[in-house]
2 protein chains.
Amino acid sequence: MLHHKDTIRKKMARFEQACRDAGLKITHQRLEIYRELAGAHDHPTAEMLYTRLRERLPTLSLDTVYRTLATLEEQHIITRVQTDESQARYEAEMTPHHHVMCRKCGRITDFHWTFFDAARLPEDVAGWGTIEDRKVTVRGICRQCAAE
Amino acid sequence: MLHHKDTIRKKMARFEQACRDAGLKITHQRLEIYRELAGAHDHPTAEMLYTRLRERLPTLSLDTVYRTLATLEEQHIITRVQTDESQARYEAEMTPHHHVMCRKCGRITDFHWTFFDAARLPEDVAGWGTIEDRKVTVRGICRQCAAE
DNA sequence: CTAAATGCAAAATTTTTGCAGTCCC
DNA sequence: GGGACTGCAAAAATTTTGCATTTAG
């Protein structure tokens with residue numbers, strides 16, 4: 001618990017610095033949107049964040065959530081997760097990791113795979129341009145959904 | 001050229017069989033939508049296919065394109081490509097392959113990586129559930145965009 | 001013939017924008 | 001104080017749906 005609190009606190013401190021570095025103002029809304037996203041494990045959509053934050057910030061508007069997420073993504077402070085759903089999902093986790101997603105419930109879980117991260121890409125990709133990032137997406141049916 | 005023609009013809013024959021197997025009627029629109037997608041290299045959106053097809057099929061409607069793509073995806077005859085754009089992109093290529101996408105121009109290019117396809121997934125993923133598919137997405141800046 | 005598929009128009013969903021007022025630096 | 005940010009409302013963009021008509025099997 002304490003450990004978790006510390007982690008969030010550290011994340012928030014790093015976030016504030018990242019905002020300063022990017023020339024972004026540190027507003028109450030931005031702090032809370034980031035805090036909510038950083039604490040979430042479920043790669044939430046703008047709407048999900050909005051609903052959760054509404055309880056704490058009754059005056060928050062949905063378009064601010066959209067605008068904030070877009071701004072933070074531009075600055076590479078958060079990431080827009082690739083899905084084939086209609087709504088965009090986001091995550092605050094910026095260290096290299098990968099995703100497993102369930103075809104049924106749609107839940108996305110993070111995993112790490114250092115072997116892959118270190119593997120050399122095939123020839124034709126190496127010549128394509130400048131590579132910045134590589135990610136694995138595994139899809140299937142999770143245990144809970146399979147048990148039905 | 002001849003070879004390419006043959007490939008398309010074969011693809012169309014396989015497509016018709018896949019429709020029969022899935023109990024889908026083989027309509028003019030379906031054939032043309034699939035033909036266009038199978039011949040495209042750029043992972044087009046519904047709107048892009050609609051615009052291209054409009055020349056050949058002036059009466060085609062956009063919602064038919066949407067409905068057809070959704071149906072074919074359900075039957076695993078085509079795939080909805082994961083991107084972080086607002087519009088959904090599709091591809092007819094169903095053999096295992098991966099994507100490189102340019103952060104600037106947004107172009108998506110296929111590549112193959114059998115070494116990765118054969119690699120064993122990490123422990124924690126193996127226990128997650130039943131894996132059906134794994135894909136790599138590489139991102140960066142392509143050569144053309146870098147030359148600016 | 002009959003169920004499925006299409007086209008049209010209208011709605012629903014998701015995201016973006018203009019503008020006036022507010023708040024950080 | 002000034003420019004960036006927010007909230008509101010309205011619009012734009014993308015996708016889905018209801019229904020009458022047409023078409024494949």
Side-chain angles (χ1 to χ4, degrees), chain A residues 12 15-37 43-51 53-75 77-78 80-90 106, chain B residues 12 15-37 43-51 53-75 77-78 80-90 106:
Chain A
M12 293 311 297
F15 173 66
E16 291 197 23
Q17 191 52 53
C19 284
R20 272 185 221 105
D21 293 348
L24 297 177
K25 292 191 174 168
I26 297 168
T27 66
H28 186 39
Q29 290 90 333
R30 269 188 192 149
L31 284 171
E32 292 311 310
I33 290 170
Y34 183 81
R35 188 195 312 283
E36 191 66 39
L37 181 61
H43 309 79
T45 64
E47 198 106 27
M48 285 160 78
L49 289 169
Y50 173 66
T51 308
L53 286 162
R54 237 13 237 271
E55 293 174 25
R56 283 191 268 141
L57 304 174
T59 68
L60 181 71
S61 71
L62 178 58
D63 57 282
T64 295
V65 179
Y66 272 109
R67 266 192 278 231
T68 302
L69 293 173
T71 304
L72 299 185
E73 207 220 338
E74 256 167 46
Q75 301 300 328
I77 296 172
I78 65 171
R80 188 194 271 234
V81 180
Q82 296 196 329
T83 70
D84 34 38
E85 293 170 330
S86 41
Q87 287 190 73
R89 288 168 165 273
Y90 290 87
Chain B
M12 293 312 296
F15 173 66
E16 292 198 22
Q17 191 53 53
C19 283
R20 274 185 219 104
D21 293 348
L24 297 176
K25 292 188 174 171
I26 297 169
T27 66
H28 187 39
Q29 290 89 334
R30 270 189 191 148
L31 284 171
E32 291 312 310
I33 291 170
Y34 183 81
R35 189 195 312 283
E36 191 67 39
L37 181 60
H43 309 79
T45 64
E47 197 106 27
M48 284 159 79
L49 289 170
Y50 174 66
T51 307
L53 286 162
R54 237 12 238 270
E55 294 174 23
R56 282 190 269 140
L57 304 174
T59 68
L60 181 70
S61 70
L62 178 57
D63 56 284
T64 295
V65 179
Y66 272 109
R67 268 193 276 232
T68 301
L69 293 173
T71 304
L72 299 184
E73 206 221 339
E74 256 166 46
Q75 302 300 328
I77 296 173
I78 65 171
R80 187 195 271 235
V81 180
Q82 296 196 329
T83 70
D84 33 39
E85 293 171 331
S86 41
Q87 287 189 75
R89 288 167 165 274
Y90 290 86

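Quick note on labels: first sequence line is chain A, next is B, and so on, each numbered from 1.
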ask   = Any donor and acceptor pair, going by atom type alone, linking the side chain of A:R89 with main-chain N or O of A:H43 inside 3.5 Å?
value = yes

Minimum-distance nucleotide to B:A88 side chain [options: D:dA24, D:dT16, D:dT15] = D:dT15

inquiry  = I'd like the 5' and 3' limits of the part of DNA chain C contacted by chain A, with heavy-atom contacts below 4.0 Å.
reply    = C:dT14 to C:dC25

Are [X] and [Y] side-chain neighbours, meaning at least one heavy-atom pair lies under 4.5 Å?
X	Y	value
B:T45	B:M48	yes
B:L49	B:L69	yes
B:L24	B:L72	yes
B:L31	B:F15	yes

Atom-pair distance ([atom1] on [X]; [atom2] on [N]), nearest Å:
X	N	atom1	atom2	answer
A:Y66	D:dA11	OH	C1'	15 Å
A:D63	D:dT6	CG	C1'	8 Å
A:I33	D:dC5	CD1	P	12 Å
A:L62	D:dA10	CG	P	16 Å
A:R20	D:dC5	CZ	P	14 Å
B:R30	D:dT22	CZ	P	19 Å
A:E32	D:dC5	CD	C1'	16 Å
B:D21	D:dG25	CG	P	13 Å

request  = Identify whether any heavy atom of A:T71 sits under 4.0 Å from a base atom; if not, whether one sits that close to sugar-phosphate; answer base, sugar-phosphate or nothing.
outcome  = nothing

message = Need to verify one output field. Residue with the more 5' nearest nucleotide on DNA chain C, B:T68 or A:E47?
response = B:T68

inquiry  = On DNA chain C, does the nearest nucleotide to B:R54 precede the nearest nucleotide to B:G23 from the 5' side, or the other way round? Give the residue.
reply    = B:G23

ask   = Can you list the residues that meet the side-chain hydrogen bond (donor to acceptor under 3.5 Å, both in side chains) rule with B:R30, with sequence neighbours excluded?
value = none

query = Using a cut-off of less than 4.0 Å, is there contact between a side-chain N or O of A:T64 and OP1 or OP2 of D:dG7?
reply = yes

query = So how far is it from B:R56 CZ to B:E32 CD, rounded to the nearest 0.5 Å?
reply = 4.5 Å

query = Where each residue is assigned the nucleotide of DNA chain D containing its nearest heavy atom, which of B:T45 and B:L24 is assigned the position nearer the 5′ end?
reply = B:T45

key: Base D:dG7 paired with A:R67 side chain (donor-acceptor, <3.5 Å)   = yes

